[in-house]
Amino acid sequence: MTNRIKQLFAQKPKGLLSVYFTAGFPNLEDTVPIILELEKNGVDLIEIGMPFSDPLADGPTIQQSSEAAIRNGMTIPKLFEQLKDIRQHTQIPLVLMGYLNPVMQYGAERFLQKASELGIDGLILPDLPLSDYVREYKALFEQYGLSNIFLITPQTPEQRIREIDTHTNGFIYMVSSASVTGSTTGQSVVNTAYFERVNGLGLRNPGVIGFGIHNNETFTQACNHASGAIIGSAFIKALSKEGSLKENISTFIQSIRQKETA
Amino acid sequence: MKYQVDYNGFYGKFGGAYVPEMLYPNVEELRQNYLKIMAEPDFQEELQALLKDYVGRPTPLYFAKRLSEKYNTNIYLKREDLNHTGAHKINNTIGQILLAKRLGKTRIIAETGAGQHGVATATVCALMNLECIVYMGEVDIERQAPNVARMKMLGATVVPATSGSRTLKDATNEAIRDWINNPEDTYYIIGSVVGPHPYPDMVARFQAVISEEMKAQLLEKTGSENPDFVVACVGGGSNAAGAFYHYLDTAEVKLVAVEAAGLGIDSGESAATSVLGKEGIIHGSRTLLMQTEDGQVTEPYSISAGLDYPGVGPLHAHLHQSGRAIFESITDEEALQAVLELTRLEGIIPALETAHALAAIGRLGAQPEEVVVINLSGRGDKDLATYLDRFDFNDK
């Protein structure tokens, strides 16, 4: 089986745009249309958020989209049902992102098996600790050919970054600064010293920067220091605007890729 | 030592530290330092002096004569309600603030349900001259107004948690998010035996003073350190952890944990986690929690804001699953009756949380020669508005 994430980074080592959205938001059945529109607009990788009632690492935007998605009826079985033919329509790398508890309740092995059958390429579970992953889950991820993507932050010590690099394959999610998702105020995303420190480690895995990326300027800055950048909250806000999904997505992605003319 | 936390932070299969990487350095710093700092002689000296002269410890162990007559057994009340700020919560906040100072932290955050932990945190922050931010659910801010006023008077900033059920669970989420946003200067004082390791163990150790004193006091009053029953209410479970701590490995002492049944276990409006919960992860800990089939945390209900929590500390999940502790659940109505009973028999107005433990006395099957200790975790001043609303004193 080809690993679409590995292939992507081999073909396009710079300027990758990864977009996160919450499955079931704004409407329950928007999952597949959003994926296809994102691909059409030139996005390189998609993170499908599995909504959770208590998203500890998320700011107000993703808290609200998650709450709305749960109210709309989104569940893991429902999401899997929506994605059942997705690989007949697109080959874009797809990553599922969410919290550990809903995955545990579905059954970790059953979850990984199902995700693999559907053609999902990887998972991001921010509250799955590295030590638990290595002890309980790593063998299963490998068995089902799924990448497990870990986060690092400016506070992560070098030795731990190296340990994470050993146990992951795909990419490393570099959290831009100490914050929950969706923070666009405060310090700039250009934490140059941190990015350069990580780049100097000679890691096996490429890095992608996320948290606080919300426009062309921050996207470009992030791309100067990593293989690409991840946008989540800003995209969710764009989806909440008046207008069709199609228009909202294309306007937003264009605004990220191209500098606005002043 | 089979009920103590293990090296990896687990009680049996419960516990651990399921936190996003953003919190890893904070939690790790604490894990590496808490036992070391707590063992330092100057830390112990400062802690013991404050517990004695500031908090007012040891708290009395009071033989409740009329209550004992009514239930035809021997009931002792461990008077945590007589602590400074009116509950056991300050045992933990005094300990953690001294720890925070030694770690060089300058900004203190906390979550609170009934407001007792918030008040206890605001109090020690005033004492130590540290900035204090308390997260409290919007619903709880309304039903615990006197405690909100006390926190503000003590100089704390009270931030309403407006997400989810707007109670303790959501206040905890907001406090955790604050800690993610402020990883370097901020210390998070968790109020119960919940959260990622080492919090459950650390909070239990600070609350263990309750059972340590109990043992000496019982020996003096009854000739034995060991009672037949120790009874405590459980939301997250900090007062129960403290009351049980030194008896965990003494099998002949029956440990009774009392949860809030709300309007009834099957009513859909309850907080009895041991009955309604399933294994899962909440606030960084693997434990029992109330959740849907899809793993979404459900909104609990209890008249008592301090027990209105969908999870339970991992120690208690382990005590439940191993059968070491007996779990009972008490409805709002039963708790209210117990408030009135203690007030009229002993002249003590208990907190609503504590009343759940009192209401379980009749279920113990305690014999006339047996000894029962109830941990009287807090006083009822904060609940007067509820009591006035629910009791019709004109008839009495």
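Residue numbers start from 1 in every chain, and the chains themselves are labelled A, B, ... in the order their sequence lines are given, proteins ahead of strands.
Of the listed residues (B:Pro196, B:Pro20, B:Ser163, B:Pro183), the greatest number of heavy-atom pairs within a distance under 4.5 Å of chain A belongs to B:Pro20.
Remark: B:Asp294 CG to A:Met74 CE distance equals 11.0 Å, nearest 0.5 Å. Put simply, CZ on A:Arg135 and CG on B:Asn8 are 6.0 Å apart, with the number rounded to the nearest 0.5 Å.
Residue A:Pro154 does not touch chain B at all, counting heavy-atom pairs closer than 4.5 Å. Contact annotation for B:Glu293: only backbone heavy atoms (N, CA, C, O) come within less than 4.5 Å of a heavy atom of chain A. For chain B, the nearby part of A:Ile152 is the backbone; its heavy atoms alone come within less than 4.5 Å. For a residue to count as touching a neighbouring chain, one of its non-hydrogen atoms must lie under 4.5 Å from one of that chain's; by this rule B:Ile176 touches chain A with the side chain only. For B:Leu289, the part lying near chain A is the side chain, with the backbone staying farther off; criterion is any non-hydrogen pair under 4.5 Å. B:Val297 touches chain A through backbone and side chain together, each having a heavy atom under 4.5 Å away. Heavy atoms of A:Val175 lying under 4.5 Å from chain B belong exclusively to its side chain. Proximity to chain B is limited to the side chain of A:Asp132, based on heavy atoms less than 4.5 angstrom apart. In this structure, no portion of A:Tyr106 lies under 4.5 Å from any heavy atom of chain B. For A:Leu151, the parts lying near chain B are the backbone and the side chain together; criterion is any non-hydrogen pair under 4.5 Å. Proximity to chain B is limited to the side chain of A:Leu100, based on heavy atoms less than 4.5 angstrom apart. Contacts of B:Tyr24 with chain A are made by side-chain atoms alone, with heavy-atom separations under 4.5 Å and no backbone atom involved. Heavy atoms closer than 4.5 Å to chain B are found in the side chain of A:Glu67, but not in its backbone.
Considering B:Ile282, B:Thr172, B:Asn173 as possible partners of A:Leu56, the one that fulfils the side chain to side chain contact (heavy atoms under 4.5 Å, CB included) test is B:Asn173.
A donor-acceptor contact shorter than 3.5 Å links the side chain of B:Arg177 to the backbone of A:Asp58. A distance-only check finds a donor-acceptor pair linking the side chain of B:Gln296 to the backbone of A:Ser53 [under 3.5 Å]. Checked by atom type and distance alone, the side chain of A:Asn101 pairs as donor or acceptor with a backbone atom of B:Ile281 at under 3.5 Å.
Residues A:Arg160 and B:Glu21 are in side-chain contact: their nearest non-hydrogen atoms beyond the backbone lie under 4.5 Å apart. Contact of the A:Met104 side chain with the B:Arg286 side chain is registered, since non-hydrogen atoms from C-beta on lie closer than 4.5 Å. In this structure, A:Gln105 and B:Glu279 have side chains that are not in contact, with every pair of non-hydrogen atoms separated by 4.5 Å or more. Using a 4.5 Å cut-off on side-chain heavy atoms (C-beta onward), A:Asp54 and B:Lys169 make contact. Side-chain contact between A:Ser179 and B:Asn181 is present, with heavy atoms from C-beta onward closer than 4.5 Å.
For A:Glu196, the CD atom sits in a packed shell: over 12 heavy atoms of surrounding residues, nucleotides or ligands are nearer than 6.0 Å.
Heavy-atom minimum distance, A:Pro129 versus B:Ala17: CG-O, 3.4 Å.
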Worked check of side-chain contact (heavy atoms from CB on, under 4.5 Å) between B:Glu184 and A:Gln155: CA-CA 9 Å; B:Glu184 275 161 8; A:Gln155 280 76 30; 3.0 Å; yes
